[in-house]
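Here's the structure, in structure tokens; my notes come after.
Throughout, protein chains are lettered first and strands after them, A, B, ... in sequence-line order, and every chain is numbered starting at 1.
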Amino acid sequence: MDDTPASNFLQTIISEDLASGRVATVVTRFPPEPNGFLHIGHAKSISVNFGLAEANGGRCNLRFDDTNPEKESTVFTEAIEADVRWLGYQWDGEVRYASSYFQQFYDWAVHLVEQGNAYVCDLNADEAREYRGTLTEPGRNSPYRERSVAENLDLLARMKAGEFAEGARVLRAKIDMRSPNINMRDPILYRIRKAAHHQTGTEWSIYPTYDFAHGQEDAIEGVTHSICTLEFEDHRPLYDWFLDHLPVPSRPRQYEFGRLNPSYTVTSKRKLKQLVDEGVVGGWDDPRMPTISGMRRRGYPAAAIRRFCDMIGTTRSDGVVDVAMLEFAIREDLNENAARGMCVLNPLKVVLTDYPEGKVETLGAPRHPNRADLGERELPFTREIYIDADDFREEANKKYKRLVLGSRVRLRNAYVIEADEVIRNERGDITEIRAHTIADTLGENPADGVKPRGVIHWVSVSEGRTAEVRLYERLFNHASPDRGDNAFLDHINPESLSVVQQAWIEPALADAVPEQQFQFEREGYFVADRYDHSVEKPVFNKTIGLRDTWVDG
RNA sequence: UGGGGUGUCGCCAAGCGGCAAGGCACCAGGUUUUGAUCCUGGCAUUCGGAGGUUCGAAUCCUCCCACCCCAGCCA
């Protein structure tokens, strides 16, 4: 895709490391905790980590940071692996698990204790908080801080053996309770958890914290550049402290970049879960969700998501990225690759009075206006057709480029027609339009020089098929729904989903395969639903509308 | 009032002492059997603010301001 690595501060660092010989081969890693579904923010992290490795001839690992058994499960590890693969990336070797290093971590904890750099603390959570101090006040030493090495070793072994209740004791590093960086105030290394772990079962009753695990995981795997988001910046001194005090096999370095915050959406796991739990959306992969599986179901091409991640760059500043940029990337990809078809969402029947009853004329139409390689499709034309009700007016000004009584419009890929008459029901609603074709207008302009006002799409009444079409709009009607705590639910767009039960599609569209993407001409991009679509019962999801610059109605 | 960060066009973002890239959005034209695409042009005398250094500053120095992160036995 890209021949030159994107210019950003991380690439600059890597280039220097490679040039100086500090690093021979770049190794990065994408380290999600398997406690939820991946979202657009993770896509950015994936793009950064895999992208940097790829651009520099290195490797990238997929590693599950599974240090907290209570919230994790294999349904998430499986979903995450699928998402990463779908995005188009392949990790180096086997999937890694922090949990497979548990014994090593424990040995290192013993090492720390032996060196006098860690101790078992009996303070409970509330007491520990109190001793920790505040942002502006230093903390105080735990009364258990000066236990002997022997006692600490004994207590740690018994913690591991499961002798103590959850919360009864923890293992802490002995650093500095007066440090202005709260992470350095004797951070917790191990806590007691009796929960079963999805990988290690009941083997362990103590589990390492993120801080005591992450840098060592990187060191074990030979990760050279450990890239995370800005909120971990304060943890870097601790990350380095462990590497300084442990006999680790390599020396990784941590770098941080600014998290991706797209407008009109939320990315906090808690809030996404709330949307699912409260039934605001249909599930984690609802097409309106910013999850990778949601975007996939919505029809966003993986390549467009990757392109978007490249477009926005990688920096240390935090800001809100306009979703218009994501939308641009999606349209750019789909415009290039999606086959065209016609679908009438709001049907209005047109009878071509001069056209023979029962005649079916098979017209050919290109699948793509400027990609001959995609070939043609057959397009049956008949006396009765459907057009969209929005494409007809009894009268209109010159700017209305659709069908108007007494004037002409081109039927896309077919004839120019002229509307003659409107048929109404008892209530006065228009139920049908009578029109006639203009002779010899297949691929030709009318011989009399009277040009049609515009071009509209259509579907044959007898040859067309019906489909369910799900129309999606933004889930939120506020650019920053994430602000505030629960206020985000007040910004839900009540019209984020509307379903057209019986739209009319041209027959060629019924052959669609799940996840196949199309442009329904003049309407937008649509995808055959990954789960619900079938040839017998076609179901399409609206991915995104066409860019619309029509100003006057 | 502790520590760590960030501030360049509406949004994202290059730039790293030599005279403000690019993309998105927007606006104006052209082409067009999709009001799409495509093409052309426009869009920061100014870089959070104020001082200073220098022939020359978005880039260096000083002070100030705004915003973000940190007080889970979460990651």
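- When distances are taken from the side chain of A/Thr315 to each of B/rA36, B/rA14, B/rA75, the shortest belongs to B/rA14.
- Across the interface with RNA chain B, nearest-nucleotide mapping of A/Arg340 and A/Phe9 shows A/Phe9 to be the residue nearer the 5′ end.
- Using a 90° window around 0 for the glycosidic torsion, B/rG72 falls inside it and is classed as syn.
- Applying the 4.0 Å criterion to OP1 and OP2 of B/rA13, one finds that A/Ser317 has a side-chain N or O inside that range.
- Identified under the side chain to side chain donor-acceptor pair (under 3.5 Å) test for residues 34-43 of chain A, with sequence neighbours left out: A/Glu33-A/Asn35, A/Asn35-A/Lys269.
- Judged as a salt bridge (Lys or Arg N to Asp or Glu O under 4.0 Å), and not counting sequence neighbours, the contacts of A/Arg147 are A/Asp122, A/Glu151.
- For the pair A/Glu233 and A/Asn68, nearest-nucleotide mapping onto RNA chain B gives the more 5' position to A/Glu233.
- In this structure, A/Arg178 places its CZ atom where only 12 or fewer heavy-atom neighbours from other residues, nucleotides or ligands lie under 6.0 Å away.
- As judged by a 4.0 angstrom heavy-atom cut-off over every strand, A/Glu137 is placed among residues making no nucleic acid contact.
- Taking the six-membered ring for Trp and thresholds of 30 and 60 degrees, A/His214 and A/Tyr210 have ring planes inclined between 30 and 60 degrees apart.
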With the criterion being N/O to N/O and under 3.5 Å, what pairs connect the protein with nucleotides 65-71 of chain B, and how long is each?
residue	atom	partner	partner atom	Å
B/rC68	O2'	A/Asp318	OD2	3.3
B/rA71	O2'	A/Arg132	NE	3.3

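- A/Arg402 comes within contact range of at least one nucleobase, with a heavy-atom separation under 4.0 Å.
- Within 4.0 Å (heavy atoms only), A/Pro138 reaches no atom of the nucleic acid at all.
- Residue A/Glu336 places no side-chain atom within donor-acceptor reach of the base of B/rU37, judged by atom type and a 3.5 Å distance cut-off alone.
- Using C1' as the reference atom, B/rC43 and B/rG23 are 14 Å apart when rounded to the nearest Å.
- For A/Lys44, the side-chain hydrogen bond (donor to acceptor under 3.5 Å, both in side chains) partners are A/Thr314, not counting sequence neighbours.
- Here the CZ atom belonging to A/Arg474 is positioned 6.5 Å from the OG atom belonging to A/Ser263, to the nearest 0.5 angstrom.
- Note on A/Val416: nothing from the nucleic acid sits closer than 4.0 angstrom, heavy atoms only.
- Counting only residues at least two apart or on different chains, the salt bridge (charged side-chain N to carboxylate O under 4.0 Å, His left out) pairs with a member in residues 438-452 of chain A are A/Arg408-A/Asp448.
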| task | List the protein contact pattern of nucleotides 21-31 of chain B with one symbol per nucleotide (5' to 3'): B for base contact, S for sugar-phosphate-only contact, - for none; contact means a heavy-atom distance under 4.0 Å. | result | --BSSS-----
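- At B/rG10, none of the side-chain N or O atoms of A/Ser263 fall inside 4.0 Å of OP1 or OP2 (strictly under the cut-off).
- Atoms OG and OH, from A/Ser480 and A/Tyr264 in turn, are 8.5 Å apart once rounded to the nearest 0.5 Å.
- Residue A/Asn124 is classed as a base contact, given a heavy-atom separation below 4.0 Å to a base.
- At the heavy-atom level, A/Ser179 lies nowhere under 4.0 Å from the strands shown.
- Contacts of A/Leu238 with the nucleic acid, taken as non-hydrogen atoms under 4.0 Å apart, are absent.
- Aromatic ring pairs are classed by plane angle as parallel below 30°, tilted from 30° to 60° and perpendicular above 60°; the pair A/Tyr386 and A/Trp504 is tilted.
- Taking a cutoff of 4.0 Å between a charged side-chain nitrogen and a carboxylate oxygen, A/Glu506 and A/Arg377 qualify as a salt bridge.
- At least one side-chain nitrogen or oxygen of A/Arg522 sits closer than 4.0 Å to the OP1 or OP2 atom of B/rG35.
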